[in-house]
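One is the number of the first residue; the rest follow in order along the sequence.
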Amino acid sequence: MELKRRQGYQGTGPAPITPDGCAVELYNRMSVRDEPDVIAAAVPAGAHILELGCGVGRVTHPLLERGFTVTAVDESPEMLERVRGARTICGPIEDLELGETFDVVMLASFLVHAGDPEVRRGLLGACARHVAEDGCVLIQREGADYHTNLPRERLDSAGCAVRILSAEPVGDGVNSVRAEYEFPDAVWTHTFLSRPLSPRQFEEALAEAGLRLDRCLTDDGTWVRAVPVR
């Protein structure tokens, strides 16, 4: 069954486009950055990780190579078809009810900045439901200038020019962000909704889900470790 497009999210380019506008083939081509190293340094060796929003497994596969066990969740079956070596679960993160807990729950890709606050609550609720009492939640959040340092561009090591072109207000503190990804032989675009969160707003969102900020994992504060409030 075809999943319904998320309102305010769209993408263009070759191959399947997921409900949130992501292109499967684009992420199959893109390289992994420092995420596996950041995660590996923050959690116990051999931990069982619940990866929420795994995509094609760009981070999943390096984590498996480092000896972690990974349960990978994504709402796109086309994305999950590319994941190898991990237990996979297809469905929206907000609805996830596995009835089990994990050493580590990971919410990457700036998903915590979902434009709809109910979606954000659902995402963080899923994190809180599935983290073990002595476990942790690793969250990737936007940098302080993500919506203001525009346009900006970087060259991915896979040979892709990654451009964040604009972030236009659409009301209620939400911006519509437009990104472009250019390879020599193909171009993809992605438009999505993102809600900037101040440090206070971020911690309030964690608290609402029964989590608290433990520490930052990177100098720029984009990766953080949260723990359950018991």
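Considering all non-hydrogen atoms of both residues, P184 and G159 come closest at CD-O, 3.8 Å. Heavy-atom minimum distance, A132 versus P228: O-CG, 3.7 Å. Heavy-atom minimum distance, I17 versus A23: CD1-CB, 3.7 Å. Heavy atoms only, all atoms of each residue included: E153 and A161 are closest at OE2-CB, 3.7 Å.
Evaluation of the salt bridge (Lys or Arg N to Asp or Glu O under 4.0 Å) rule for E65 yields no partner, not counting sequence neighbours. Among residues two or more places apart in sequence or in another chain, the side chain to side chain donor-acceptor pair (under 3.5 Å) test is passed with R141 by none.
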Exercise for review: Applying side chain to side chain contact (heavy atoms under 4.5 Å, CB included), run through V131 and D103 and close with a yes or a no.
Suggested key: CA-CA 6 Å; V131 66; D103 305 317; over 6 Å; no
Check your understanding: So E142 and H147, side chain to side chain donor-acceptor pair (under 3.5 Å) or not? Walk me through it.
Key -> CA-CA 9 Å; E142 295 171 347; H147 292 256; 2.8 Å; yes
Review point. Where do E100 and R87 land on the salt bridge (Lys or Arg N to Asp or Glu O under 4.0 Å) test, with the steps shown first?
Key: CA-CA 14 Å; E100 57 186 294; R87 169 193 178 196; 2.9 Å; yes
Practice item. Output, in order, the C-alpha distance, side-chain angles, deciding distance and verdict of side chain to side chain contact (heavy atoms under 4.5 Å, CB included) for E182 and W188. Key: CA-CA 7 Å; E182 182 178 0; W188 285 270; over 6 Å; no
Exercise for review: Applying side chain to side chain contact (heavy atoms under 4.5 Å, CB included), run through V105 and L52 and close with a yes or a no.
Suggested key: CA-CA 7 Å; V105 179; L52 302 176; 3.6 Å; yes
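A salt bridge does not link R82 to D74: none of the charged nitrogens lies less than 4.0 Å from a carboxylate oxygen. By the 4.0 Å N-to-carboxylate-O rule, R154 lies too far from E180 to be salt-bridged with it. Salt bridge present: R225 and D214 bring a charged side-chain N and a carboxylate O closer than 4.0 Å. Taking 4.0 Å as the cut-off between side-chain N and carboxylate O, E204 and R120 do not count as a salt-bridged pair. The pair E203-R212 does not count as a salt bridge, with every side-chain nitrogen at least 4.0 angstrom from each carboxylate oxygen.
Sorted by first then second residue, the salt bridge (Lys or Arg N to Asp or Glu O under 4.0 Å) pairs that include residues 32-54, not counting sequence neighbours, are D37-R66. Residues in residues 42-80 take part in these ring-ring contact (aromatic ring centres under 6.0 Å, His included) pairs, two or more places apart or across chains: H48-F102.
With Y9 contributing its side chain and L193 its backbone, the two residues share a donor-acceptor pair below 3.5 Å. No donor-acceptor distance shorter than 3.5 angstrom exists from the side chain of S76 to the backbone of T18, with no hydrogens or angles considered. The backbone N or O of L96 sits less than 3.5 Å from a side-chain atom of R129, completing a donor-acceptor pair. Under the 3.5 Å distance criterion, the side-chain polar atoms of E208 are left unmatched by any main-chain donor or acceptor of A205.
Residues I93 and M79 are members of separate hydrophobic clusters, defined by side-chain heavy-atom contacts under 4.5 angstrom among Ile, Leu, Val, Met, Phe, Trp and Tyr. Linking Ile, Leu, Val, Met, Phe, Trp and Tyr whenever their side-chain heavy atoms come within less than 4.5 Å puts V162 and V24 in one cluster. Both L124 and F202 belong to a common hydrophobic cluster when Ile, Leu, Val, Met, Phe, Trp and Tyr are linked at side-chain heavy-atom distances under 4.5 angstrom. Under the 4.5 Å side-chain heavy-atom criterion for grouping Ile, Leu, Val, Met, Phe, Trp and Tyr, L217 is not connected to L111 through any hydrophobic cluster. V119 and F192 fall into different hydrophobic clusters, defined by Ile, Leu, Val, Met, Phe, Trp and Tyr side-chain heavy atoms under 4.5 Å apart, directly or through other members.
For E97, the CD atom is densely surrounded, since the number of other residues' heavy atoms within 6.0 Å is greater than 12. Surrounding CG of D219 are at most 12 heavy atoms belonging to other residues, nucleotides or ligands under 6.0 Å away.
Using a 4.5 Å cut-off on side-chain heavy atoms (C-beta onward), N175 and P196 make contact. Side-chain contact between H190 and C22: present, with at least one pair of heavy atoms (C-beta onward) separated by less than 4.5 Å. Two residues are said to be in side-chain contact when any heavy atoms from C-beta on lie closer than 4.5 Å; V112 and L123 fail this criterion. No side-chain heavy atom of L211 sits less than 4.5 Å from a side-chain heavy atom of V227. Contact of the R178 side chain with the T189 side chain is registered, since non-hydrogen atoms from C-beta on lie closer than 4.5 Å. The shortest distance between side-chain heavy atoms of L63 and I49 falls below 4.5 Å. Two residues are said to be in side-chain contact when any heavy atoms from C-beta on lie closer than 4.5 Å; P16 and E81 fail this criterion. Counting only heavy atoms from C-beta outward, the side chains of V177 and T191 never approach each other to under 4.5 Å.
Stacking of R163 on the aromatic ring of Y181 is not recorded, the 6.0 Å distance cut-off and the 45° axial limit not both being met. A cation-pi contact, defined as under 6.0 Å to the ring centre and within 45° of the axis, links R152 to Y146.
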Let me have the donor-acceptor pairs involving side chains of residues 133-140, under 3.5 Å, with sequence neighbours excluded, atom names and distances please.
| from | atom 1 | to | atom 2 | distance (Å) |
| --- | --- | --- | --- | --- |
| Q140 | OE1 | S109 | N | 2.7 |

I'd like a table of donor-acceptor pairs (distance under 3.5 Å, sequence neighbours excluded) in which one partner is a side-chain atom from residues 164-173, with atom names and distances.
| from | atom 1 | to | atom 2 | distance (Å) |
| --- | --- | --- | --- | --- |
| D172 | OD2 | R195 | NH2 | 3.1 |

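To the nearest 0.5 Å, the span separating OG1 on T71 from CG on L98 amounts to 7.5 Å. We find the CD-CD1 distance between E75 and I89 to be 14.5 Å, quoted to the nearest 0.5 Å.
Side-chain contact of D156 with S31: a donor-acceptor pair under 3.5 Å is present, judged by distance alone.
Just one residue in the list V70, V73, V59, V43 forms a side chain to side chain contact (heavy atoms under 4.5 Å, CB included) with M106, and that residue is V59. Tested against V83, the residues V56, T60, L64 include a single side chain to side chain contact (heavy atoms under 4.5 Å, CB included) partner, T60.
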